[in-house]
Amino acid sequence: MSTTDSKKTLFTTDSGIDINRIYSTPVELKEDAGKFPFTRGVQPDMYRGKLWTMRQYAGFSTAEESNERYHFLLNQGTTGLSVAFDLPTQIGYDSSHDLSDGEVGKAGVAIDSLADMEILFDGIELEKITTSMTINASASVLLSMYIALAKKQGADLKNISGTIQNDILKEYAARGTYIYPPKPSMRIITDIFEYCSKELPKWNTISISGYHIREAGANAVQELAFTLADGKAYLQAAIDKGLDINVFAKRLSFFFNAHNNLFEEVAKFRAARRMWAQITKDLGATDPRAQMLRFHTQTGGSTLTAQQPQNNIVRVTVQALAAVMGGTQSLHTNGFDEALALPTEEAARIALRTQQVVAYESGVPMTADPLGGSYYVEALTNEVEAKAWDYIRKIDEMGGAVAAIEAGYIQREIADSAYQYQRDIESGDKVIVGVNKFTIEEPPFENLFAVNDSIRQVQIDKINKVKATRNNEAVTVCLKNLDEAARNGSNVMPFILDAVEQYATLGEICDVMRVVFGEYTGM
């Protein structure tokens, strides 16, 4: 088939029916894709112009092993990288720290210094790839390492694109990988906004995450409401710092979960765009690009089952369809074996192929908002939105997301939802195929992926080598300058970058800010 014929089939059914760019009922004509309030999508053509970015979240063990997986995924057709970091990296500890014992390289890749980042992206040109990094409390340090590596590669920083999650509020509410108290954490985040708006104009400075809120037990409405409430808090913090919403809001993105209720998930995504457009407009955004909600989706990790794990391929397919029909800008699909271990290469390949089948064989991308105009989906979108606004109004009355988190309100709502969900499973009111219905006797699943426990010593040896070969006097000066900047209110990003470029370790840099800002110990 020629390239021309291949492109034509994207817009014509197998029966020869030409597909319109977008379908509208008379009621819907006033609200088209690519126009405020973006219910039907942020681009007029949606996937006819460009398919979503196909990312596969990956990172484990050492930088060397993760680099091999990245090259494997790129060779299989992944169009963007998504980096998972281990827990010590996420909470600002070097692999040599006592609290890192048993966790190094397990939940993601261990990154202790710029030397590890150089290995992680060996053979990958940062100017030619977009990278998403799931990192929050230590996001300023990991972003600085990425910038330092891009500079070493000779890249033009104006062309570097990607995303750091950098969403600390959901860490307090749902996940727990925080370091500093809320106020200094918000200060660091707005420092990143300010720095990137000047130095990395294509970089998404925050991915406001509903994913982990949902994983903690929230329902779809709560995921939407609490995520947008966090987003409002970040907008207000940046405005209070004197930043222009029409500039910085263009670089905000969102990260949502996709669960199994296909139509509710589509309604959630459609409502999210409409609500965010109104929130940004109310806070003064006039540029349409500053009013757009752009989002990445990951299929629901908490929906995966250890029982009959091959069933997870079906679940992931349904969730991927929800994300695409809901208008996502990028997508990660989970491996079927992730309820048991990190995904094998086979599971990662099947997950990626799931996206590719949806993209090239299902016909779903042929038109923008394919479920738009459905009586059910339109009504459900309105109902999801109304319930989410109820939550947001209550949070606003409490003083906003930070106050609601400090009062424990959001945490309690998530916990109550999780408790009810589990009760429904145990009672049988909620059917989970292979778990509480349609069960079978099955042997233990074999050929699981495992990370070697010797990884920590490998990382400690690397740290010792870095400290033995770097200019330690320069490191001391850089860390002193960072301490002063953190105390006097200067933007900390240039000082973190200076320290990174001298091969100061992640733990050394975070420890400076721990001393200045203190550590958050929870409720």
Side-chain angles (χ1 to χ4, degrees), residues 59 61-67 70 83 85-100 104-105 108-126 131 133 135 137-155 157 160 162 164 179 188 191-192 195-196 199-200 455-486 490-516:
S61 188
T62 63
E64 288 89 347
E65 290 190 66
S66 291
N67 175 262
Y70 295 157
V83 183
F85 297 97
D86 71 358
L87 288 175
T89 303
Q90 292 183 49
I91 54 178
Y93 289 129
D94 288 337
S95 298
S96 54
H97 195 285
D98 288 345
L99 292 178
S100 299
V104 176
V109 62
I111 300 294
D112 291 304
S113 73
L114 177 58
D116 286 321
M117 191 68 86
E118 291 167 353
I119 297 168
L120 186 66
F121 290 99
D122 184 41
I124 299 170
E125 294 183 58
L126 302 191
T131 302
M133 295 189 280
I135 197 76
S138 55
S140 57
V141 183
L142 272 298
L143 175 59
S144 294
M145 289 182 184
Y146 196 83
I147 294 169
L149 178 58
K151 289 169 66 177
K152 291 191 73 171
Q153 288 186 355
L157 296 185
I160 295 296
I164 43 171
I179 302 175
I188 295 170
D191 281 355
I192 293 172
Y195 180 84
C196 289
E199 304 296 332
L200 276 77
I455 295 304
R456 182 170 183 245
Q457 188 57 53
V458 171
Q459 288 300 119
I460 291 172
D461 291 343
K462 287 183 183 179
I463 293 170
N464 291 337
K465 182 178 179 181
V466 164
K467 290 183 176 180
T469 56
R470 71 188 184 183
N471 184 335
N472 284 292
E473 290 183 5
V475 170
T476 300
V477 170
C478 288
L479 295 177
K480 181 176 181 296
N481 291 341
L482 173 59
D483 179 275
E484 292 175 357
S490 298
N491 190 311
V492 296
M493 279 299 293
F495 301 94
I496 294 173
L497 180 58
D498 287 345
V500 161
E501 290 182 320
Q502 293 298 329
Y503 291 85
T505 68
L506 171 82
E508 289 172 329
I509 295 168
C510 289
D511 282 349
V512 168
M513 293 188 284
R514 276 189 174 91
V515 171
V516 177

Problem set entry | Contact check, side chains of Phe85 and Ile91, non-hydrogen atoms, under 4.5 Å | no
Exercise. Of all heavy-atom pairs between Leu126 and Ala150, which one has the smallest distance, and what is that distance?
Worked result: CD1-N, 3.8 Å
For this session: Indicate yes or no for a side-chain donor-acceptor contact from Thr476 to the backbone of Asn472 under 3.5 Å, with no hydrogens or angles considered.
Result: yes
Exercise. Around Glu125, counting heavy atoms of other residues, nucleotides and ligands shown, do more than 12 lie under 6.0 Å from its CD?
Worked result: no
Exercise. Is a donor on one side and an acceptor on the other found under 3.5 Å between the side chain of Ser140 and the backbone of Met493?
Worked result: no
For this session: Answer yes or no: is there an ion pair linking Glu508 with Lys480, defined by an N-O contact shorter than 4.0 Å?
Result: no
For this session: Search all heavy atoms of Ser66 against all heavy atoms of Gly59 and return the closest pair with its distance.
Result: OG-CA, 3.5 Å
For this session: Check whether any side-chain heavy atom of Ile460 lies under 4.5 Å from a side-chain heavy atom of Val104, and answer yes or no.
Result: no
For this session: Could you grab the distance from atom CG of Leu120 to atom CD of Glu65, nearest 0.5 Å is fine?
Result: 12.0 Å
For this session: Could you tell me the separation between the CD atom of Gln459 and the OG atom of Ser113, rounded to the nearest 0.5 Å?
Result: 8.5 Å
Problem set entry | Asp112 and Ser95: side chain donor to acceptor below 3.5 Å | yes
Exercise. Could you state the interatomic distance from CG (Asn67) to CG (Asp122), rounded to the nearest 0.5 Å?
Worked result: 5.5 Å
Exercise. With side chains defined as the heavy atoms from C-beta onward, is the minimum distance between Ile111 and Leu506 less than 4.5 Å?
Worked result: no
Exercise. Taking Arg470 for the side chain and Val475 for the main chain, is one N or O donor matched with an acceptor at less than 3.5 Å?
Worked result: no
For this session: Could you check if a side-chain atom of Thr131 sits within less than 4.5 angstrom of a side-chain atom of Phe121, using non-hydrogen atoms only?
Result: yes
For this session: Decide yes or no for Leu143 and Ile192: does some side-chain heavy atom of the first lie under 4.5 Å from some side-chain heavy atom of the second?
Result: yes
Exercise. Does Asp511 pair with Arg514 as a salt bridge, N-O distance under 4.0 Å?
Worked result: yes
Problem set entry | Test side chain to side chain contact (heavy atoms under 4.5 Å, CB included) applied to Asp498 and Asn481, step by step | CA-CA 9 Å; Asp498 287 345; Asn481 291 341; 5.8 Å; no
For this session: Check step by step if side chain to side chain contact (heavy atoms under 4.5 Å, CB included) holds for Tyr70 and Ile124.
Result: CA-CA 9 Å; Tyr70 295 157; Ile124 299 170; 4.0 Å; yes
Exercise. For the atom pair CD1 (Ile496) and SG (Cys510), what is the distance rounded to the nearest 0.5 Å?
Worked result: 7.5 Å
Exercise. Do Val512 and Glu484 come within less than 4.5 Å of each other through their side chains, counting heavy atoms only?
Worked result: no
Problem set entry | Lys/Arg N to Asp/Glu carboxylate O, Asp116 vs Lys462, below 4.0 Å | yes
For this session: For residues Thr89 and Ala110, report the shortest heavy-atom separation together with the two atoms involved.
Result: OG1-CA, 3.9 Å
Exercise. Is any NZ, NE, NH1 or NH2 atom of the basic residue among Glu501 and Lys152 found under 4.0 Å from an Asp or Glu carboxylate oxygen of the other?
Worked result: no
Exercise. Does any N or O in the side chain of Asn491 come within less than 3.5 Å of the main-chain N or O of Asp191, such that one atom is a donor and the other an acceptor?
Worked result: yes
For this session: Would you check if the side chain of Asp94 reaches a backbone N or O of His97 as a donor-acceptor pair within less than 3.5 Å?
Result: no
For this session: Could you walk me through whether Asp461 and Gln457 pass side chain to side chain donor-acceptor pair (under 3.5 Å), step by step?
Result: CA-CA 6 Å; Asp461 291 343; Gln457 188 57 53; 2.9 Å; yes
